[in-house]
Amino acid sequence: MSSAGKVIKCKAAVLWGLKQPFSIEEVEVAPPKACEVRIKILATGICRTDEHAISGAMTTKFPVIVGHEATGVVESIGEGVTSVKPGDKVIPLCVPQCGICSNCLKPDSNYCDMLDIVGKGVLSDGTSRFTCKGKPVYHYMNTSTFTEYTVVRDVAVAKIDAAAPPEKACLFGCAFTTGYGAAINTAKVTPGSTCAVFGLGGVGLSVIIGCKIAGASRIIGVDINPRKFEKAKAVGATECVNPKDHTKPISEVLKEMTGDSVRYTFEVTGNLDTMIDALASCHKNCGMSVVVGDPPASSVLTFDPMLVFDGRTWKGCIFGGWKPVNDLPKLVSDFMAKKFNLDELVTHILPFDKIEEGFNLLKKGESIRTVLTFQH
Amino acid sequence: MSTAGKVIKCKAAVLWGPKQPFSIEEVEVATPKAYEVRIKIIATGICRTDDHAIKGILLANFPVILGHEGAGIVESIGEGVTTVKPGDKVIPLCLPQCGKCSSCINPNGNFCVKADITGRGVLSDGTSRFTCKGKPVYHFSSTSTFTEYTVVEEIAVTKIDASAPLEKVCLIGCGFSTGYGAAMKTAKVTPGSTCVVFGLGGVGLSVIIGCKVAGATRIIGVDLNKDKFEKAKAVGATECISPKDYTKPISEVLKEMTGDSVGYTFEAVGRLETMTDALASCHMSYGTSVIVGLPPSATMCTYDPMLLFTGRTWKGSTFGGWKSKDDLPKIVTDFLAKKFDFDELITHVLPFNEIEEGFNLLYKGESIRAVLVM
């Protein structure tokens, strides 16, 4: 019996307040209004940025349904939606692409006006489609995927290959796209170059894959957790370094290791000190450092301006610089054509109710990507 | 009578200590050793960076002969020098090009390892070629041009077109190249774009010229001193604003003025707050901000990292990104071919002994470039 046009009652992991554990609740998901899409989530990855919402490093209102990296199937569409139809396999977009704002119109910009990383948590009419125990529950990053059903704006969903396996394809909703794009689009890593990647989580590994595909001859993984090194090498790092093993600054260690030839560095932790380390680690005159990790909200960074003055390039990057609606389907097709392999990134697959366990694995540094699947 | 092989006694403006006035002295300039070149300086510009050395903001040893933006004629060469010969017109290079270090080898690099950024003030054998009153006097920035004769290393001098007017092209030794290159080479300004230049001194005006040559359609000059606006417009600024006229942050003012379309900003002052203003003023996703002005030594900059995270590019530019020895002669050739004109930058031409007057004009904000002729 079709659920279209009706409120759906389903399971969701609700966060009732800052730093609280997830609460698996029954929520009501309203039907999509005009230009909205209701999606049945098949698989959703756990990302550090979701954890930032829990800890407060990322601003959000409460109660909220977080999660932003998923694969789903369109359940129903609101009036005026033409880009997807019920039954389509889709990825919700934490970075939307409305196509009409000044950023979307520029070829080299992807910071769509619709992007919500400041915790607005509502759809275009200012309201939420979720309620729980009679209260409205906020959306998150235009997506909200820790739920059996979600509602997103049509500009925040991309249709992908129907044969894409959901528990892998969900990584295109955030980690892989972000990291791979940082190397390919933002840095435009050149063949034969030397790269250093600070932070060897899911996004960091994706950066390494991007550097490798771009032809870098040396890719150095940097992390204070040596358990991350094996996977980093499995996806293409030529060597790994732990700053804790050295007394001198990591930038000097890397300079010595490479004869001062690090051309590209990537900061993939969101830690301010590491941002400066990564900047200082690339060649002072022809190096580029890309900030991939989301810095803590309302933070300020203090650094020596000579690090930039001498000629370095410091560059930020949202969602790997991709225009999501245009580019995500192609990335998924490339994946289906085996241009790259994401097996190493998915370390755990758990049923949705085990979401807390998934986050514990993240906090303990034991997982790369834990993907939660739904038994619909 | 040839001076080759002999010590030359000549006039130089010696700075005996920080924050002191210049002292026009007779100095002895030794013969060039191997791979060194002795140059008769014909003209030299006065740059804010020289003032930074006077004030102690930039490191230098004392006593010192400052000046780094000059043009002259080779008087004699040391053993092994092959790229210039006596009689050649040359520009000394405050940023050398050794050709062998990692910056020189990389096609995009130019910050040669031989640059004297710590104020060592000596040549490669660790000694100076200048003495005054029996004391050694330090060199400055691989050049030292506030003197009738100087000695530089071969990697710090480049031969230019024999028909170049030295009292103009001396600006290519620093101010003009730095600003022009920031736009042309570092930012690679694209046709039709909107640019904003913070700081309308000699370097800032050169940035404007570069933006114009690159085809920018809108070039906004920003300066606290409105007296600078006329020249900025004369060299190509389409409009100018002063942050003093607004209560809201300059980045918001620029966003409104341009419908949030600033593609490139340039900081040509050397001030930390202006650097972050310039960063915030370029488009959050595709904007590029270039730091041209040298920040004060040993200072830290504080800014909101979200400014960068959203996609901006922040880039430093030393000497306009040019490989000095290779590129400066081409800039001189382009100048002779009238590809651009920087007459507006030379506001005062003074005899060398009036060097203090030249600096006073700088301090009062009344000059862009005062050029001293020997």
Side-chain angles (χ1 to χ4, degrees), chain A residues 101-104 106-113 115 117-118 186 190 193 255 258-263 267 270-272 275-276 279 283-319 321, chain B residues 95 101-113 115 117 186-187 190 258-261 263 267 270-272 275-276 279 283-321:
Chain A
C101 70
S102 61
N103 286 331
C104 282
K106 294 267 180 205
D108 46 355
S109 165
N110 70 345
Y111 203 104
C112 176
D113 282 357
L115 183 65
I117 51 173
V118 296
T186 307
T190 47
S193 58
K255 199 169 165 171
T258 63
D260 193 19
S261 70
V262 178
R263 190 75 204 279
E267 199 298 311
N271 177 298
L272 296 177
M275 277 174 69
I276 301 172
L279 178 68
H283 189 277
K284 77 172 181 184
N285 188 230
C286 13
M288 178 186 294
S289 188
V290 180
V291 174
V292 191
D294 190 357
S298 309
S299 56
V300 283
L301 188 151
T302 297
F303 75 107
D304 174 2
M306 291 307 289
L307 289 176
V308 177
F309 177 78
D310 286 344
R312 289 180 177 91
T313 300
W314 211 4
K315 207 166 169 175
C317 140
I318 294 274
F319 210 43
Chain B
L95 181 65
C101 68
S102 60
S103 292
C104 284
I105 291 173
N106 187 294
N108 300 323
N110 75 338
F111 202 112
C112 177
V113 72
I117 50 177
T186 306
T190 48
T258 64
D260 194 19
S261 71
E267 203 284 1
R271 195 171 157 264
L272 300 175
M275 277 172 207
T276 52
L279 180 68
H283 191 275
M284 70 179 345
S285 180
Y286 61 80
T288 294
S289 188
V290 180
I291 298 178
V292 191
L294 179 63
S297 297
T299 52
M300 300 290 276
C301 175
T302 297
Y303 80 107
D304 173 5
M306 288 307 287
L307 290 177
L308 205 67
F309 177 72
T310 57
R312 289 180 175 90
T313 298
W314 213 0
K315 216 168 164 175
S317 173
T318 48
F319 205 52

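Just so we're on the same page: letters track the sequence lines, and every chain starts at 1. Bear in mind the structure is a predicted one, so any value in this text is a computation, not a measurement.
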Given heavy-atom pairs under 4.5 angstrom as the criterion, report whether the side chain, backbone, both or neither of [X] touches chain B.
X: A:V292; value: backbone
X: A:L115; value: neither
X: A:L307; value: neither
X: A:M275; value: side chain

task = Locate the shortest heavy-atom distance separating A:K315 from B:G311; write the atom from each residue and the value.
result = CG-O, 4.4 Å
query = What's the shortest heavy-atom distance between B:I291 and A:F309, and which atoms?
reply =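 The answer is CG2-CD1, 3.9 Å.
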Supply the atom-to-atom distance [X] [atom1] to [Y] [atom2], rounded to the nearest 0.5 angstrom.
X: B:S102; Y: A:H283; atom1: OG; atom2: NE2; result: 3.0 Å
X: B:L308; Y: A:C317; atom1: CG; atom2: SG; result: 10.5 Å
X: B:F309; Y: A:L301; atom1: CZ; atom2: CG; result: 13.5 Å
X: B:C301; Y: A:D304; atom1: SG; atom2: CG; result: 9.5 Å
X: B:F111; Y: A:D310; atom1: CZ; atom2: CG; result: 4.5 Å

Considering only heavy atoms, which portion of [X] lies under 4.5 Å from any heavy atom of chain A: side chain, backbone, both, or neither?
X: B:T310; answer: both
X: B:V290; answer: neither
X: B:D260; answer: neither

inquiry  = Given 3.5 Å as the limit, does a donor-acceptor pair link the side chain of B:T318 with the main chain of A:G311, or not?
reply    = no
query = Do side-chain atoms of A:N285 reach the backbone of B:N110 as a donor and acceptor pair under 3.5 angstrom?
reply =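 Checking the backbone N and O of B:N110 against the side chain of A:N285, a donor-acceptor pair under 3.5 Å is found.
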message = In terms of relative ring orientation, are B:Y303 and A:F303 parallel, tilted or perpendicular, with 30° and 60° separating the classes?
response = perpendicular
task = Among the options A:S102, A:G321, A:S299, pick out the one with the most heavy-atom pairs lying under 4.5 Å from chain B.
result =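 The option with the most such pairs is A:S299.
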inquiry  = Using side-chain heavy atoms (C-beta onward) and a distance below 4.5 Å, is A:N110 in contact with B:S285?
reply    =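 Counting from C-beta outward, A:N110 and B:S285 do come under 4.5 Å.
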query = Hey, mind stepping through A:W314 and B:K315 against side-chain contact (heavy atoms from CB on, under 4.5 Å) and telling me if it holds?
reply = CA-CA 6 Å; A:W314 211 4; B:K315 216 168 164 175; over 6 Å; no
ask   = Taking B:G293, B:P305, B:G109, B:S261 one by one, which has the highest count of heavy-atom pairs under 4.5 Å against chain A?
value =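 The residue among B:G293, B:P305, B:G109, B:S261 with the greatest pair count is B:P305.
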ask   = Which residue out of B:L294, B:L307, B:I117 racks up the most heavy-atom pairs below 4.5 Å with chain A?
value = B:L294
key: Under 3.5 Å side-chain donor-acceptor pair for B:H283 and A:N103   = yes
request  = Check the pair B:M306 / A:D294 against side-chain contact (heavy atoms from CB on, under 4.5 Å), numbers first and verdict last.
outcome  = CA-CA 8 Å; B:M306 288 307 287; A:D294 190 357; 3.7 Å; yes
query = A:T313 pairs by side chain to side chain contact (heavy atoms under 4.5 Å, CB included) with which of B:T186, B:N108, B:T313?
reply =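 With A:T313 as partner, B:T186, B:N108, B:T313 yield a single side chain to side chain contact (heavy atoms under 4.5 Å, CB included), made by B:T313.
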request  = Go through the steps for B:N106 and A:R263 under the test side-chain contact (heavy atoms from CB on, under 4.5 Å), then give the verdict.
outcome  = CA-CA 10 Å; B:N106 187 294; A:R263 190 75 204 279; 4.1 Å; yes
